[in-house]
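Everything below concerns the one structure shown next.
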Amino acid sequence: MSAHTIQDQAIARKTFVQQAAHADADDPASPLRGPAMFSTKSKRGNTPGTIEDQFFEAADTSLLPVIRVDGASLMQVSRQLESIAKRQAPRIAFKAKGSILLLNLFDILAVQAEGNYVSLQHRPNRYLVHESLSSMAEKLKPYGFIRIHRSVVVNVSAVEKVQPLPTGEYRLRVRGGKEYLVTRTYKHNLRDLAQLWVGTERLCG
């Protein structure tokens, strides 16, 4: 192990202990704990001659400070992570009334052909964009959208239920309750609805 690696490990341990001790100091209810102690000794059992011969060993891990985290703090962190995820989520941009509108793709339930336009089904609004459905289907495919009808593309993450019909077609429901028909031509795309397919549900009770 190189001297640089050992020094980095020592600095990381020291930083962790200092941060944890500081967190405990802010919580009067936390039990008193001493900082973790680390000793060095030679691999050969002699006095260390060079830093390459040394390694760090925890003297007593029970001395590590206990960090208390309350439910409110966890909820706050969860909201922050959700906000970050939404900011980093892929978005679609299009012109709307002289401006450029940006929407998270996760919030678009489906895209439906309407003449020379496509309708973006975005709760609670609906947006008409001058684009062909074939072009939209190709652009949205890498982001989890599948074609289920010659005039409909749906967001896989928005699908809640699929029901087979006697005709060989399927009825598909998305978030909010809106339903679409999956024709036999595109039913093979339903494989992409889930990464894992398992057995049949068993009724409980």
Side-chain angles (χ1 to χ4, degrees), residues 12 15-16 19-20 22-23 26 67-165 167-198 201:
T15 302
F16 169 77
Q19 290 177 345
H22 178 71
D26 294 336
I67 302 175
R68 296 175 179 269
V69 181
D70 56 49
S73 298
L74 287 176
M75 289 298 295
Q76 182 179 2
V77 171
S78 176
R79 286 193 294 268
Q80 290 173 347
L81 291 175
E82 183 179 356
S83 176
I84 292 172
K86 284 187 175 181
R87 287 199 301 269
Q88 294 178 343
R91 297 193 292 178
I92 186 172
F94 55 91
K95 293 180 180 179
K97 298 179 180 179
S99 301
I100 296 178
L101 191 62
L102 298 167
L103 299 178
N104 286 332
L105 288 178
F106 176 80
D107 296 326
I108 297 176
L109 306 178
V111 180
Q112 192 164 359
E114 293 193 19
N116 296 327
Y117 292 80
V118 290
S119 172
L120 305 182
Q121 306 297 321
H122 177 275
R123 298 183 63 194
N125 303 313
R126 186 173 68 95
Y127 301 94
L128 282 177
V129 179
H130 191 267
E131 187 90 20
S132 71
L133 186 70
S134 296
S135 174
M136 287 293 293
E138 191 66 27
K139 291 176 180 178
L140 293 173
K141 186 177 180 179
Y143 301 101
F145 285 73
I146 60 171
R147 194 161 186 172
I148 61 168
H149 191 280
R150 63 184 180 84
S151 61
V152 180
V153 173
V154 297
N155 187 343
V156 166
S157 65
V159 177
E160 293 182 337
K161 183 179 179 180
V162 179
Q163 180 182 359
L165 301 175
T167 59
E169 300 172 318
Y170 291 81
R171 182 180 294 114
L172 180 148
R173 187 180 71 195
V174 297
R175 288 195 307 266
K178 187 172 178 60
E179 295 184 339
Y180 297 94
L181 181 68
V182 182
T183 60
R184 286 178 289 182
T185 303
Y186 297 100
K187 68 178 183 180
H188 63 277
N189 289 336
L190 296 179
R191 291 194 302 262
D192 297 329
L193 288 178
Q195 289 71 45
L196 179 64
W197 294 84
V198 294
E201 176 195 22

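In what follows, residues are counted from 1 in the order of the sequence shown.
- With a 4.5 Å cut-off on side-chain heavy atoms, Asn189 and Val182 do not count as touching.
- Closest approach of Ala137 to Val153, counting heavy atoms only: CB-CG2, 3.8 Å.
- A distance of 11.0 Å separates CG of Leu193 from CZ of Arg191, quoted to the nearest 0.5 Å.
- Counting heavy atoms of neighbouring residues, nucleotides and ligands inside a 6.0 Å radius, atom OH of Tyr143 does not exceed 12 of them.
- Phe145 contributes atom CZ, which lies 7.0 Å from atom OG of Ser157 (distance to the nearest 0.5 angstrom).
- Between Ala96 and Leu101, the shortest heavy-atom distance links the atoms CB-CB, 4.2 Å.
- Listed by first and then second residue, the side-chain hydrogen bond (donor to acceptor under 3.5 Å, both in side chains) pairs involving residues 170-185 are Gln163-Arg171 (not counting sequence neighbours).
- Within a 6.0 Å radius of CD1 in Ile100, other residues, nucleotides and ligands contribute 12 heavy atoms or fewer.
- Atom OH of Tyr117 is surrounded by 12 or fewer heavy atoms from other residues, nucleotides or ligands within 6.0 Å.
- By the 4.5 Å heavy-atom criterion applied to side chains, Val129 and Leu120 are counted as neighbours.
- Of the possible donor and acceptor atoms, one in the side chain of Asn155 sits under 3.5 Å from a partner among the backbone N and O of Leu105.
- The minimum heavy-atom distance between Gln112 and Val152, with the atom names listed, is CG-CG2, 4.0 Å.
- Nearest heavy-atom pair across Glu138 and Pro142 is O-CD, 3.6 Å.
- A pairwise comparison of heavy atoms in Met136 and Ile92 identifies CE-CD1, 3.9 Å as the closest pair.
- In this structure, Arg91 CZ and Leu103 CG are separated by 9.0 Å, a value rounded to the nearest 0.5 Å.
- Here the options are Glu114, Arg147, Arg150, the test is side-chain contact (heavy atoms from CB on, under 4.5 Å), and the partner is Leu133; only Arg147 passes.
- Ile146 places none of its side-chain heavy atoms less than 4.5 Å from the side chain of Tyr186.
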>> With side-chain contact (heavy atoms from CB on, under 4.5 Å) as the criterion, how do Leu190 and Val159 come out once you've worked through the C-alpha distance, each side chain's angles and the decisive distance to 0.1 Å?
In response: CA-CA 10 Å; Leu190 296 179; Val159 177; over 6 Å; no

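- A pairwise comparison of heavy atoms in Ser119 and Arg126 identifies OG-CG, 2.9 Å as the closest pair.
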